[in-house]
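Report on one structure; see the data block that follows.
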Amino acid sequence: MNKIEKIYTLLYKTYGPQGWWPFMNYEDFYHKADYSFPKDEAQVFEVCLGSILTQNTSFNAVVKSLENLKALNALSPEAIINLDIDAFKLAIKPSGYHNQKAKYILSFIDFFQELKGSIPTREALLNVLGIGEETADSILLYGYNQPQFKVDAYTKRVLLELGLIDEKAKYKDMKKLMQDALRESVRDEKELVAVYQEYHALIVCHSKNFYSKKPYGLSCFLKEALI
DNA sequence: AACCAGGACGTGA
DNA sequence: TCACGTCATGGT
């Protein structure tokens with residue numbers, strides 16, 4: 001078992017399944033370790049919407065925005081583009097960057113509607129304004145159940161603290177590190193997707209405990225466990 | 001009061 | 001390619 005697998009095993013034992021993606025319908029949210037989501041096109045879009053809104057923003061703030069949209073009955077692509085732009089910006093204001101994100105979401109809706117239910121390629125997603133590597137992988141992993149590991153600032157912080165990367169490691173490097181380490185042992189495609197989904201969620205959970213305040217990694221139990 | 005949150009883009013070296 | 005400023009609200 002390599003270090004990346006050891007970290008996963010430890011985190012899973014400690015925190016258990018995280019039940020990502022947290023959908024607005026929170027009955028589903030509490031069915032953790034259920035990987036049959038998204039159930040329909042509406043939930044796929046909800047993941048996409050949340051993936052954009054959560055850029056450099058806590059998900060609690062995103063939930064507020066989604067609730068605002070739900071109150072306006074505007075959680076669908078059609079409803080959003082028919083909504084007054086200022087009303088839309090006001091609804092997503094709790095998530096920050098509302099001017100940018102409104103533009104990003106509208107450009108994504110164009111793209112999403114052209115898909116007509118098909119699975120987007122990563123390259124196509126990256127060509128949409130406002131969708132970078134992490135958001136693309138978030139949409140593919142949680143919205144379309146594609147085996148794309150989602151790296152974020154927490155992931156880099158943890159890997160750096162554990163000495164598994166250096167400061168100038170790029171997104172692509174960290175993603176390859178994680179995927180290469182897991183692909184060997186997890187052969188089944190569906191299980192691989194489930195592991196990727198849980199792993200990122202577990203890193204977020206763990207990092208909220210040990211990697212949010214400086215100095216990062218204080219009393220993080222992963223450090224001694226990997227020696 | 002500073003710092004961080006499940007980042008991406010535009011610009012100039 | 002890459003470092004840096006900008007975008008904005010909310011919680012600790």
Side-chain angles (χ1 to χ4, degrees), chain A residues 7-8 11 15 17-24 29 32 37-38 46-69 85-109 111 122-144 146 148-161 166-175 178 195-218 220:
Chain A
I7 295 171
Y8 179 74
L11 291 178
Y15 302 110
Q18 297 300 299
W20 277 32
W21 188 268
F23 292 96
M24 284 302 303
F29 175 62
K32 304 192 177 193
F37 297 92
E46 188 178 318
V47 173
C48 300
L49 202 52
S51 295
I52 295 172
L53 287 175
T54 197
Q55 289 169 357
N56 202 33
T57 303
S58 73
F59 203 82
N60 286 334
V62 174
V63 170
K64 289 183 184 174
S65 296
L66 293 177
E67 284 173 345
N68 288 342
L69 290 173
I85 183 63
D86 290 322
F88 181 55
K89 287 181 179 177
L90 184 61
I92 66 173
K93 200 163 187 174
S95 306
Y97 311 104
H98 51 279
N99 294 309
Q100 279 191 356
K101 286 177 178 175
K103 192 192 305 178
Y104 292 172
I105 289 167
L106 291 178
S107 76
F108 175 77
I109 287 177
F111 172 77
R122 192 169 188 272
E123 295 69 38
L125 277 169
L126 290 174
N127 281 329
V128 178
L129 178 65
I131 303 205
E133 292 196 276
E134 184 183 337
T135 306
D137 287 334
S138 178
I139 289 171
L140 289 170
L141 179 60
Y142 294 107
Y144 293 94
Q146 298 301 110
Q148 302 286 336
F149 197 95
K150 176 182 176 180
V151 175
D152 69 333
Y154 283 143
T155 310
K156 180 169 187 176
R157 229 173 262 176
V158 172
L159 291 177
L160 189 59
E161 184 65 25
D166 53 60
E167 298 88 355
K168 55 180 174 56
K170 301 172 74 174
Y171 188 97
K172 182 173 50 175
D173 304 324
M174 295 182 280
K175 180 175 177 179
M178 302 303 287
V195 168
Y196 285 1
Q197 291 179 342
E198 285 295 350
Y199 208 145
H200 172 71
L202 286 166
I203 287 175
V204 172
C205 175
H206 182 65
S207 298
K208 282 175 177 172
N209 294 333
F210 299 101
Y211 290 87
S212 293
K213 305 181 292 278
K214 287 183 178 178
Y216 298 136
L218 270 188
C220 164

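Letters A, B, ... mirror the listed sequences (proteins, then strands); counts begin at 1.
Of the residues in residues 151-160 of chain A, those with a non-hydrogen atom less than 4.0 angstrom from any atom of DNA chain B are Asp152(A), Ala153(A), Tyr154(A), Arg157(A). Near DNA chain C, meaning a heavy atom under 4.0 Å from it, residues 92-100 of chain A has Lys93(A), Pro94(A), Gly96(A), Tyr97(A), His98(A), Asn99(A), Gln100(A) in order of number. Near DNA chain C, defined here as any heavy-atom distance below 4.0 Å, there are no residues from residues 128-141 of chain A.
Residue pairs meeting the salt bridge (charged side-chain N to carboxylate O under 4.0 Å, His left out) criterion with at least one partner in residues 203-218 of chain A, sequence neighbours excluded, do not occur; the list is empty. A salt bridge (charged side-chain N to carboxylate O under 4.0 Å, His left out) check over residues 126-143 of chain A, counting only residues at least two apart or in different chains, returns the pairs Arg122(A)-Glu133(A), Arg122(A)-Asp137(A), Glu134(A)-Lys150(A), Asp137(A)-Lys175(A).
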Output a table of nitrogen or oxygen pairs between the protein and nucleotides 2-5 of chain C separated by less than 3.5 Å.
{"from": "dC2(C)", "atom 1": "OP2", "to": "Lys170(A)", "atom 2": "NZ", "distance (Å)": "2.9"}

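The side chain to side chain contact (heavy atoms under 4.5 Å, CB included) search around Val63(A) returns Phe59(A), Glu67(A), not counting sequence neighbours. Under the side chain to side chain contact (heavy atoms under 4.5 Å, CB included) criterion, Ala153(A) pairs with no residue at all, not counting sequence neighbours. For Ser207(A), the side chain to side chain contact (heavy atoms under 4.5 Å, CB included) test picks out Tyr154(A), Val158(A), Ile203(A), Tyr211(A), with sequence neighbours left out. In this structure, the side chain to side chain contact (heavy atoms under 4.5 Å, CB included) partners of Gln146(A), at least two apart in sequence or on a different chain, are Ile119(A), Leu140(A), Tyr144(A), Gln148(A). Under the side-chain hydrogen bond (donor to acceptor under 3.5 Å, both in side chains) criterion, Asn99(A) pairs with Lys89(A), sequence neighbours left out. Partners of Asp152(A) under the side-chain hydrogen bond (donor to acceptor under 3.5 Å, both in side chains) rule, at least two apart in sequence or in another chain, are Thr155(A).
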